[in-house]
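This report concerns only the one structure given below.
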Amino acid sequence: MKAVYPGSFDPVTYGHLDIIERSAAIFDELTVSVLNNKSKTALFSVEERVKILEEVTKHLPNVKIDSFSGLLCDYARENDIHVSVRGLRAVTDFEYELTIAQTNSKLSKGTLDTIFLTTNLEYSYVSSSMVKEIASFKGDISLAVPAFVAKKVYEKFGY
Ligand code: PNS
């Protein structure tokens, strides 16, 4: 069975990686797909995010990296994928995620389901925005992202 893990991944964190590794162990094929969101200002371009994801998931043979624009349900249909994976860090994520899941179910006429994995407690506080904020002040992000990603983030901030 195939699944998609959609997101902004700006940048990918240990929290995302934990979800990717666990989903890859559940599904036959996992596509991690970066949303090309023109309305959101990102630190990394979609191409950069795809490259970074490829590097940090290279040990996972059934994971492929892609990007998409537009609606997730259209992307899933075009790629014959019927399951979307999302991570839940805390109860605060739930309301937003529930809305997305229900919207996708409606829009896809029931052909795209969402499966939630609860984030490992170790990373439940980690977010891409927090990583960017800390890095912008030259703070330590080593607990939140792999060294390869940290280097790229610091470079963006000119460190
Ligand atoms: O990492 P993020 O930013 O929380 O991911 C959000 C994402 C990409 C899952 C969501 O914004 C999305 O799927 N957007 C694509 C547009 C879409 O399908 N919208 C309808 C469902 S709300």
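FYI, the numbering just counts along the sequence from 1. Since we're looking at a predicted model, the values are computed, not measured. Whatever order the structure lists them in is the order used to number ligands and atoms, beginning at 1. Heavy-atom basis, side chains included; hydrogens, waters and symmetry copies ignored.
For atom 13 (O) of ligand 1, the closest heavy atom belonging to the protein is L72 CB, 3.8 Å. For atom 17 (C) of ligand 1, the closest non-hydrogen atom on the protein side is L71 CD2, 3.6 Å. Nearest protein heavy-atom contact of atom 3 (O) of ligand 1 is S8 OG, 2.5 Å. In terms of protein heavy-atom proximity, atom 10 (C) of ligand 1 is nearest to I100 CD1, 4.3 Å. The protein atom (non-hydrogen) at minimum distance from atom 5 (O) of ligand 1 is R86 NH1, 3.3 Å. Looking from atom 21 (C) of ligand 1 to the surrounding protein, the closest heavy atom is N104 OD1, 3.5 Å.
Counting only distance, with no hydrogens or angles, the side chain of K152 and the backbone of P11 share no donor-acceptor pair below 3.5 Å. Side chain of Y159 to main chain of S136: a donor-acceptor pair is present (N/O by atom type, distance under 3.5 Å, no hydrogens or angles). Side-chain atoms of D10 come within 3.5 Å of backbone N or O of F44 as a donor-acceptor pair.
With respect to the salt-bridge test (charged N to carboxylate O, under 4.0 angstrom), the residues E47 and K51 do not qualify.
Checked against a 3.5 angstrom limit, the closest N/O atoms of T103 and ligand 1 fall outside it. For ligand 1, the polar-atom distance check finds no N/O of P6 at less than 3.5 Å from any of the ligand's N/O atoms.
A heavy-atom separation below 4.0 Å is not found between S84 and ligand 1.
Nearest residue to atom 12 (C) of ligand 1 from L35, D74, T99 is L35 (criterion: closest heavy atom).
Remark: ligand 1 atoms within the under-4.0 Å shell around heavy atoms of G70 are 15 (C), 16 (C).
Side-chain contact annotation: T13 with Y123, donor-acceptor N/O pair under 3.5 Å absent.
Within a 6.0 Å sphere centred on NZ of K64, other residues, nucleotides and ligands contribute 12 heavy atoms or fewer.
Both F9 and L117 are assigned to one and the same hydrophobic cluster, defined by single-linkage of ILVMFWY side chains at heavy-atom distances under 4.5 Å.
Nearest heavy-atom pair across Y5 and H16 is OH-CD2, 3.3 Å.
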